[in-house]
Every structure is written in C-alpha cells, then in structure tokens.
Amino acid sequence: MPRARTLRHKDFKADAPAVALALIGATLLVDGVGGVIVETEAYDQHDPASHCHPGPTQRNRVMFGPPGHAYVYRSYGLHWCLNFVCREAGHGAGVLIRALQPTHGIELMRERRGLDNERLLCSGPGRLTQALGITQAHYGLPLDAPPFRLLAAPADTPVEVISGPRIGISKAIDLPWRFGLAGSRFVSRRF
DNA sequence: AAGTAGATGTTCT
DNA sequence: GAACATCTACTTA
C-alpha cells in the first residue's frame, strides 16, 4: 500500500463546503493518535451561523489568515472544537471536524475519554478533541507540521459522501453543509 | 428510544 | 445577562 499524500496549504484554498466535502476519508493524526475523518461541517463569512460572520475578532482571527491552519475554540465552556481554516486570506472560513473513525492510538484515546466503546471515542466535535488531546495550545498551528498529520484518502478507493443540515445551530439551519461518510457508524448522528 | 437538566467559560449585547 | 458549532447522566416509556 502506497504512502498517503500529505494535505497541504493548497488543499484548503477552496470554499468551505468544497473543503468540508473533500476532507471526508482523509486521515487526521495528532502526535500519532487519530483516525479517518467521517463527518465535517462548513462555515463561512456570509453565513450567520459562523463565528467569522461578524468579521475579525480576537477569537476568530486565525480564520482570516492563511488556510491550512487550526482554529480551536471552546464550546459551551467545557469542550474544545477543532476547525481547519480554508479559502484565501481576507475571507473568514473554516471546516469543523465533527467525527473520526479511530484507527491510531486507540488505547490512549480510551484512557483520555475514560471509555471502552470505540464508536463513542471520536463521534462528536468535543469528543474527538478530548481523544486527540487538542486544546487552545493548538490554536493557529499549521496542519502540515507536527503535532498534526493530515493524509489524503487513497485515490484508488472512492468515498461516498452524504450531506444534510448542520447540527446544534439556530441560524441558517437549512443549508446542507454537514458532510459525512455514507454508512459510517462513527458519525455523531445519523443523516 | 426519546427527552431534559446541568455542567462550564468565552463572547457579545 | 444571554447565547453558545456540546456531552453526560438521568428520567420516562
């Protein structure tokens, strides 16, 4: 099996829904721990549900910088959520990573999550950051350098992607900007 | 299976 | 103060 291609800056120079769709099937590792991305959501500046909708602020500033970097924020005071910055500088846009199928470092993820059930290790944006050890310390870091590793899905195995409305928001609820790997049991909720 | 409450910190009005 | 890109534990059926 050939070594997978590392995703680079260029892979994030597209609008958020296109990047969110393309990321399904890629492998995300943080210090060697992680798995296959099976669920994402797109957010961009024209979208009232997005953190970058109001323009640059202290929290969202990384989304107005170069693509291919991590935007990390705290959700409901308790959880960290991981986004990938996309599109060109000057416009805010990002892709929320919502679920992984665990493949690497499963024992460590079990310890961090305090759970045995593999299906529940990374099936939600707050769950996967806990399993991978992501915190504010990762804010703004490039995705093509340690501790991150981001590998493209093998080109010879096509992935079937489904989409639907995003979860947990109250604005722009009809945009079908949630993407998932068809049939995966590791998504946070059924489509 | 489905619904609800409560935990908690940051951002915004 | 209110809202919030969430999760868990607990209830009710």
Side-chain angles (χ1 to χ4, degrees), chain A residues 12 15-24 26 28 30 34-35 37-65 67 69-87 91-102 109-141 143 161-181 184-191:
Chain A
F12 298 95
D15 58 56
V19 173
L21 189 154
L23 281 170
I24 301 297
L28 168 66
V30 177
I37 297 172
V38 298
E39 183 182 344
T40 58
E41 280 178 2
Y43 290 88
D44 82 16
Q45 192 170 359
H46 307 291
D47 157 23
S50 172
H51 291 169
C52 50
H53 183 64
T57 66
Q58 183 70 304
R59 173 172 70 161
N60 68 22
R61 68 196 146 79
V62 71
M63 283 198 282
F64 293 85
H69 291 245
Y71 166 51
V72 179
Y73 71 94
R74 203 193 270 283
S75 171
Y76 290 92
L78 296 154
H79 314 286
W80 297 105
C81 290
L82 172 67
N83 293 249
F84 295 166
V85 176
C86 59
R87 221 176 188 185
H91 297 266
V95 173
L96 173 65
I97 309 303
R98 286 195 56 91
L100 306 179
Q101 173 177 345
M109 291 196 268
R110 284 198 169 114
E111 284 175 31
R112 286 169 171 166
R113 293 270 300 120
L115 275 180
D116 284 337
N117 189 337
E118 198 168 313
R119 191 180 63 81
L120 298 178
L121 289 181
C122 298
S123 59
R127 291 169 173 171
L128 77 88
T129 55
Q130 184 183 30
L132 271 57
I134 291 168
T135 68
Q136 190 172 37
H138 296 86
Y139 185 96
L141 296 184
L143 300 170
V161 178
I162 51 181
S163 67
R166 295 172 292 180
I167 290 179
I169 57 171
S170 57
K171 298 168 192 161
I173 54 175
D174 28 332
L175 284 178
W177 281 7
R178 175 180 178 231
F179 301 90
L181 180 62
S184 174
R185 66 191 188 97
F186 294 95
V187 297
S188 64
R189 273 167 56 175
R190 289 287 169 201
F191 277 76

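In the text below, chain A, chain B and the rest are named by the order of the sequence lines, each starting its count at 1.
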Rounded to whole angstrom units, what separation is found between the CD1 atom of A:I167 and the C1' atom of C:dC7? 13 Å
Nearest-nucleotide check on DNA chain C, A:G124 vs A:S170; residue mapping nearer the 5' end is A:S170
For A:A49 and A:Q130, take the nucleotide of DNA chain C holding the closest heavy atom to each; which residue's nucleotide lies nearer the 5' end? A:A49
Looking for any heavy atom pair under 4.0 Å, which part of the strands does A:R74 touch: base, sugar-phosphate only, or nothing? sugar-phosphate
Does some side-chain heavy atom of A:L115 sit less than 4.5 Å from a side-chain heavy atom of A:R127? no
With a non-hydrogen cut-off below 4.0 angstrom, is A:R189 in contact with a base, only sugar-phosphate, or nothing? nothing
Where the side chain of A:Y43 is defined as all heavy atoms beyond and including C-beta, which of C:dA5, B:dT11, C:dC7 is the nearest nucleotide? C:dA5
Among C:dA5, B:dA7, C:dC7, find the nucleotide with the atom closest to the side chain of A:L78. B:dA7
What nucleotide, of B:dA7, C:dC4, C:dA5, holds the atom closest to the side chain of A:K171? C:dC4
Nearest-nucleotide comparison on DNA chain B, the residue closer to the 5′ end among A:T57 and A:Y76: A:Y76
Among C:dA5, C:dT6, C:dT8, which is the nearest nucleotide to the side chain of A:R113? C:dT8
Any donor-acceptor pair under 3.5 Å linking the side-chain atoms of A:E39 with those of A:S188? yes
Quick one: label A:I169 by what it contacts on the DNA or RNA (base, sugar-phosphate, nothing), any heavy atom closer than 4.0 Å. sugar-phosphate
With a 4.5 Å heavy-atom cut-off, do A:R189 and A:I167 have their side chains touching? yes
Contact under 4.0 Å: A:R127 side-chain N or O vs C:dT8 OP1/OP2: yes
Between A:L82 and A:L96 the two heavy atoms that sit nearest each other are O-CD1, 3.5 Å
What is the pairing partner of B:dA1, taking Watson-Crick or G-U wobble pairs with both distances under 3.5 Å in any strand? C:dT12
